[in-house]
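Down below is the structure, laid out as structure tokens.
Predicted model, so just to flag it, every value in this text is computed and none were measured.
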Amino acid sequence: MAGNALSETPGKRRRPSLLTGAAIAVALICGGGLAYLFLSDGRLAGEPVVRFALAPEAAPAPAPAPADKLLRTGTPDDQPAAPATPPAASDEADASKPTPDEQSLLDASKGANGDDAESGDAADGGVKILGAESISGAPGSSDPVTALLALRPVPDPALVEQGRQGPLPIIAKNGRKAWKVYARPLPKGLPAGPRIALVVGGMGISDSATSHAIETLPPEVTLSFAPYGAHLQDWIGKARDAGHEVLLELPMEPFGYPQNDPGPYTLLTSLQPAENISRLEWLLSRFAGYAGVMNYQGARFTSSPTALSPILAALKARGLMYVDNGASQRSLAPKLAGDANLPIAVGTRMIDPVQNPDIIVQSFTALEGAAKQSGIAVGVATGFPVTVDQMTAWTKTLKDKGIVLVPVSAAAAETKSN
């Protein structure tokens with residue numbers, strides 16, 4: 001019994017030890033928690049979350065209706081990017097003062113919005129003009145140089161109407177016309193001397209080629225878009241954001257038609273004027289924001305006064321300019337446009353009739369000679385990357401040669417008072 005008593009004694013001693021240890025551990029945990037709550041930096045530490053929840057902010061005011069509401073609905077190419085809010089002024093604004101060249105662009109924007117009788121918006125009920133009379137203040141751009149180069153969003157609501165098949169350009173009530181409003185303005189103080197205008201066509205067909213041309217070419221180069229491309233209005237927005245004025249290509253009947261077929265809405269000499277006008281309106285409704293049109297092929301069509309005259313008259317009535325690509329020596333467009341009082345620019349040379357670097361270089365040299373001889377020359381090219389790359393490099397040499405690069409709208413001339 002004595003042995004049993006001795007054997008139970010250690011167990012009885014261990015049990016209080018375990019309970020004591022557990023109590024001490026609980027006390028330490030509770031004490032540490034209380035110490036944290038009292039010593040913590042957060043005055044509301046440990047309080048329920050609901051106590052410091054903030055009231056929800058008021059919902060932002062809805063954005064104004066986009067100016068492109070007249071565009072066709074239901075397809076991606078009818079949804080150009082909405083203009084972004086210009087960045088707020090900051091303490092670093094003085095570090096972004098424009099250079100003398102950039103200041104000349106600002107001066108051009110002031111002149112375009114001031115003295116030009118066609119740039120006023122009072123006759124349109126005070127509606128803010130969204131055209132490209134000014135090239136300053138590109139929406140959403142934080143870079144001052146990019147902001148000066150970009151053109152305003154399109155369309156200008158005063159220059160578009162809803163046609164049966166989509167938006168159509170019109171002359172504004174106060175007389176403003178798309179060929180001036182959507183053109184890239186010339187900065188004031190351009191040096192005197194020969195000038196060259198460049199048009200790169202076939203845009204909107206290949207995404208990669210179109211993107212390459214927009215991003216690579218200088219903003220003075222005009223881009224011409226085919227009517228059968230996808231997401232065209234998106235491309236127009238991107239081109240204008242990069243500073244490029246744009247044209248719409250009109251497919252016209254070539255010699256050899258229908259074996260050589262420019263597409264289902266080609267303007268044909270065999271059709272009645274009313275049918276060609278209907279096709280023209282379909283083509284014009286593909287996107288908005290172009291300053292004018294340029295023929296795609298059309299050697300036969302442009303040699304027929306009966307077929308061509310109604311088309312030029314319709315373009316004139318809609319405030320557009322016409323660019324003859326210069327590929328056909330038989331084209332009557334220069335004469336008929338003069339008779340119709342239609343602004344026109346005529347291509348001096350096709351830059352890349354074949355994709356050969358040597359031919360392209362020869363074309364550039366010929367354009368320089370033509371510009372020096374007549375004062376201005378117009379080069380027309382395709383958007384193949386080899387052409388775009390060579391053109392980009394060549395344009396960088398023009399300033400040292402005393403030649404000014406201008407958009408093709410600058411080459412358009414009205415032969416009679418308008």
**Prompt:** Is the number of heavy atoms from other residues, nucleotides or ligands within 6.0 Å of CD (Q272) greater than 12?
**Reply:** no
Q) Among side-chain atoms of S206 and S208, is any donor-acceptor pair under 3.5 angstrom? A) yes
### Query
So, D207 versus H231: side-chain donor-acceptor pair below 3.5 Å or not?
no
dist L267:CG -> L283:CG (nearest 0.5 Å) comes out at 6.0 Å
Can D339 and K335 be counted as an ion pair, charged N to O under 4.0 angstrom? yes
Shortest non-hydrogen pair, D389 vs T216, comes out as OD1-CG2, 4.3 Å
| query | Does a donor on one side chain and an acceptor on the other come within less than 3.5 Å for E245 and W179? | reply | no
| query | Does any non-hydrogen side-chain atom of V293 lie less than 4.5 Å from one of L247? | reply | no
Those residues at least two apart in sequence (or on a different chain) that pass salt bridge (charged side-chain N to carboxylate O under 4.0 Å, His left out) with R318 are E161, E281
Review point. Is there a side-chain contact between V346 and V378 (heavy atoms, below 4.5 Å)?
Key: no
For P251, does its backbone N or O pair with a side-chain atom of N295 as donor and acceptor, under 3.5 Å?
no
Across all chains, not counting sequence neighbours, the salt bridge (charged side-chain N to carboxylate O under 4.0 Å, His left out) partners of E253 are R300
- Query: Is the side chain of H244 donor-acceptor paired with the backbone N or O of V221 at a distance under 3.5 Å, no angle test?
  - Reply: yes
In this structure, CG of L271 is separated from CD1 of I277 (nearest 0.5 Å) by 11.0 Å
Per side chain to side chain contact (heavy atoms under 4.5 Å, CB included), T302 is matched among P334, S331, P254 by S331
So OG of S328 and CZ of F255: to nearest 0.5 Å the spacing works out to 6.5 Å
Residues passing the side-chain hydrogen bond (donor to acceptor under 3.5 Å, both in side chains) test with N260, sequence neighbours excluded, are Q297
Exactly one candidate in I360, V388, V380 meets side chain to side chain contact (heavy atoms under 4.5 Å, CB included) with D352; the answer is I360
